[in-house]
Participant: 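Take a look at this one; I'll ask things after.
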Amino acid sequence: MRWRKGWGREEFHTRRRRLAAMAPTIAQCAIGAALAWLVARHALGHPRPFFAPIAVVICIGVSLGQRLRRLGELVAGVSLGVGVGDLLVSRIGSGAWQIALVVALALAAAVILDTGSLILIQAGSSAVLVATLLPPTGSGGFDRMIDALTGGLVGIAMVALLPPDPLALARQHAAAIFDALAGALEATAEAIESSDPAHAADALESVRGSQGSVEAFQQALETGREVAAISPLRWRRRRSLDRYLSAGTPLDHALRNARVLARRTLAALRDGERIPPEVVEGLRLMTGAVRLLEEELAGTRPPGESRRVALAAAEAVGPVLTGGAGLSTHVVAAQVRSMSVDFLRATGTDTAAATAALPPVSAAGAPDA
């Protein structure tokens with residue numbers, strides 16, 4: 001099979017996997033749109049209920065999360081656009097300047113009400129439709145508001161009846177963060193062992209590109225929390241999902257600390273600082289803690305071991321903070337201890353308790369990380 005330039009076999013499989021992942025959401029949108037039209041057309045008796053299927057697609061969306069807020073913004077936006085359009089067009093008629101006035105007033109009202117982008121889009125587009133294709137007739141404006149609400153409620157019902165697995169979403173996106181963390185720590189340790197600044201630069205470049213994984217994970221957590229609240233079929237996932245919700249912010253902080261750690265390791269190697277073997281030991285222990293925490297959050301390992309290993313990593317680099325290490329090496333050791341705090345927080349420990357649990361550095365009076 002011949003492949004178009006710029007779209008190789010690997011890209012084809014990547015897009016196919018993306019389509020497979022989104023297939024349930026696409027099915028929700030398609031089935032929900034048809035059901036919303038049927039309800040509005042036959043149960044409510046609206047002759048052209050186009051807002052109902054549109055509302056389903058917007059409410060469910062091909063990007064997950066915030067469906068309840070979207071429903072509110074959708075109905076508010078449609079109500080504003082249709083209300084302003086019906087009120088003005090019935091008196092001033094349709095035309096270019098009338099459209100400009102109706103849209104401006106609808107958008108101004110939406111801005112005053114809320115800054116949500118969906119309210120603005122729906123208010124503007126609804127006003128345009130009323131001013132051009134669908135001039136007001138009788139109770140048409142009210143019917144369109146009801147259509148929007150009907151479609152939104154059908155969308156929520158589709159999410160409740162055909163929900164994705166919130167825990168699977170969280171686990172899938174968390175894996176990318178754990179891979180980035182473990183990869184950065186291991187690569188940094190290897191760079192120190194081989195005294196190779198180029199390898200450290202590669203590790204830094206790799207971990208710098210990981211912020212997208214954090215954002216995707218946060219979106220997955222938001223979606224999972226919403227699904228677990230909406231769908232009775234997923235209520236039993238709440239406790240397991242809570243583990244990921246508690247770990248979300250600490251994992252983000254750990255990844256940020258890993259970036260600082262990799263950057264200072266590169267600086268230390270370029271400046272010719274001697275990096276003690278205790279730093280490599282601490283990095284390897286933190287790599288192990290990453291994988292242990294991943295298994296604990298997934299529920300495949302009892303909790304507790306990742307905490308012990310993270311504290312061991314902090315203890316391993318303690319002597320570096322009291323010795324004669326260079327500035328960058330000192331920062332690397334301090335970042336290992338900071339990551340230990342992040343890992344304890346990811347297991348549900350509050351910040352004060354996590355900091356207090358750090359092993360003290362060996363020399364009396366030495367500063368703690």
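These numbers were taken from a predicted model, which means no experiment stands behind them.
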Participant: State, to 0.1 Å, how close Ala170 and Phe217 come at their nearest heavy-atom pair, and which atoms those are.
Facilitator: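 Smallest interatomic distance, heavy atoms only, reads O-CE1, 3.6 Å.
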
Participant: Would Val279 end up clustered with Val207 when hydrophobic side chains under 4.5 Å apart are linked, directly or stepwise?
Facilitator: yes

Participant: Counting only heavy atoms not in Glu278, do more than 12 fall under 6.0 Å of its CD?
Facilitator: yes

Participant: With a 4.5 Å limit on heavy-atom distance, are the side chains of Leu269 and Ile275 in contact?
Facilitator: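 Yes - at least one pair of side-chain heavy atoms lies under 4.5 Å apart.
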
Participant: For the CZ atom of Phe178 and the OG1 atom of Thr287, what is their distance to the nearest 0.5 Å?
Facilitator: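 Separation between the atoms: 13.0 Å.
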
Participant: Do Thr347 and Pro303 have side chains that get closer than 4.5 Å, going by heavy atoms?
Facilitator: no

Participant: Quick one: does any side-chain atom of Arg264 pair with a main-chain N or O of His330 as donor and acceptor, under 3.5 Å?
Facilitator: no

Participant: Any side-chain to backbone donor/acceptor pair from Asp350 onto Ala352? Under 3.5 Å, distance only.
Facilitator: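 Yes.
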
Participant: Membership question, hydrophobic clusters at under 4.5 Å side-chain separation (ILVMFWY): are Leu285 and Leu344 in the same one?
Facilitator: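 Per the 4.5 Å side-chain linkage, Leu344 and Leu285 are not co-clustered.
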
Participant: Check whether any side-chain heavy atom of His173 lies under 4.5 Å from a side-chain heavy atom of Ile177, and answer yes or no.
Facilitator: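 Heavy-atom side-chain distance check fails, nothing below 4.5 Å.
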
Participant: Quick one: does Glu305's side chain have a donor or acceptor within less than 3.5 Å of a partner on Leu292's backbone?
Facilitator: no

Participant: Identify the heavy atoms of Ala354 and Thr349 that sit nearest to each other, and give their distance.
Facilitator: N-CG2, 3.5 Å

Participant: Closest approach of His46 and Arg41, non-hydrogen atoms and distance?
Facilitator: O-CD, 3.2 Å

Participant: Can you see which heavy atom on Val56 is nearest to which on Cys29, and at what distance?
Facilitator: CG1-O, 3.9 Å

Participant: Mind checking whether Arg307 and Phe343 have side chains closer than 4.5 Å, heavy atoms only?
Facilitator: no

Participant: Is there a path of hydrophobic side-chain contacts, each under 4.5 Å between heavy atoms of I/L/V/M/F/W/Y residues, joining Leu311 to Leu251?
Facilitator: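 No, because Leu251 and Leu311 fall into different hydrophobic clusters, even though each may have its own neighbours under 4.5 Å.
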
Participant: Salt bridge check, Arg284 against Glu281: does any charged N sit closer than 4.0 Å to a carboxylate O?
Facilitator: no

Participant: Any chain of hydrophobic side-chain contacts (each under 4.5 Å) joining Val214 to Leu261?
Facilitator: yes

Participant: So does Asp342 pair up with Arg337, basic N to acidic O under 4.0 Å?
Facilitator: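 Between Arg337 and Asp342 there is no salt bridge, as every charged N stays at least 4.0 Å from the carboxylate O atoms.
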
Participant: Can we say Glu294 and Arg291 salt-bridge, meaning some charged N sits less than 4.0 Å from an Asp/Glu carboxylate O?
Facilitator: yes

Participant: Nearest 0.5 Å please: distance from the CG atom of Asp202 over to the OG1 atom of Thr188.
Facilitator: 10.5 Å

Participant: From Gln335 CD over to Asn257 CG, what is the distance, rounded to the nearest 0.5 angstrom?
Facilitator: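 It comes to 4.5 Å.
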
Participant: Output the distance between atom CG (Leu283) and atom OG1 (Thr265), rounded to the nearest 0.5 Å.
Facilitator: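 Between atom CG of Leu283 and atom OG1 of Thr265 there are 6.5 Å.
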
Participant: Please round to the nearest 0.5 Å and tell me the distance separating atom OG1 of Thr150 and atom CG of Leu44.
Facilitator: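 Here the rounded value is 5.0 Å.
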
Participant: Under a 3.5 Å distance rule, please check whether Ser340 uses its side chain to pair with a backbone N or O of Ala310 as donor and acceptor.
Facilitator: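 Answer holds: yes.
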
Participant: What verdict does the side chain to side chain donor-acceptor pair (under 3.5 Å) test give for Arg259 and Ser210, after you've listed the backbone C-alpha separation in whole Å, the side-chain angles of each residue and the deciding distance to 0.1 Å?
Facilitator: CA-CA 10 Å; Arg259 296 187 191 111; Ser210 60; 3.3 Å; yes

Participant: Would you sort out whether Val260 and Arg256 count as a side-chain contact (heavy atoms from CB on, under 4.5 Å), showing the intermediate values?
Facilitator: CA-CA 7 Å; Val260 176; Arg256 295 174 189 270; 6.0 Å; no

Participant: How long is the span from the CD atom in Gln211 to the CG atom in Leu255, to the nearest 0.5 Å?
Facilitator: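 Taking CD in Gln211 and CG in Leu255, the distance rounds to 7.0 Å.
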
Participant: Testing the basics here: between Ala313 and Val336, what is the closest heavy-atom pair and its distance to 0.1 Å?
Facilitator: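 So the minimum-distance heavy-atom pair works out to O-CG1, 3.8 Å.
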
Participant: Can you see which heavy atom on Pro359 is nearest to which on Ala314, and at what distance?
Facilitator: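 Reported closest heavy-atom pair: CD-CB, 4.0 Å.
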
Participant: With heavy-atom distances below 4.5 Å as the criterion, would you say the side chains of Ser240 and Arg243 are in contact?
Facilitator: yes

Participant: Mark yes or no for whether Ser206, through its side chain, and Ala203, through its backbone, hold a donor-acceptor pair below 3.5 Å.
Facilitator: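 The answer is no, because no donor-acceptor pair under 3.5 Å joins these two groups.
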
Participant: Out of curiosity, does Met339 fall in the hydrophobic cluster containing Val280 (side-chain heavy atoms, cut-off under 4.5 Å, transitive links)?
Facilitator: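 Yes: a chain of side-chain contacts under 4.5 Å links Val280 to Met339.
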
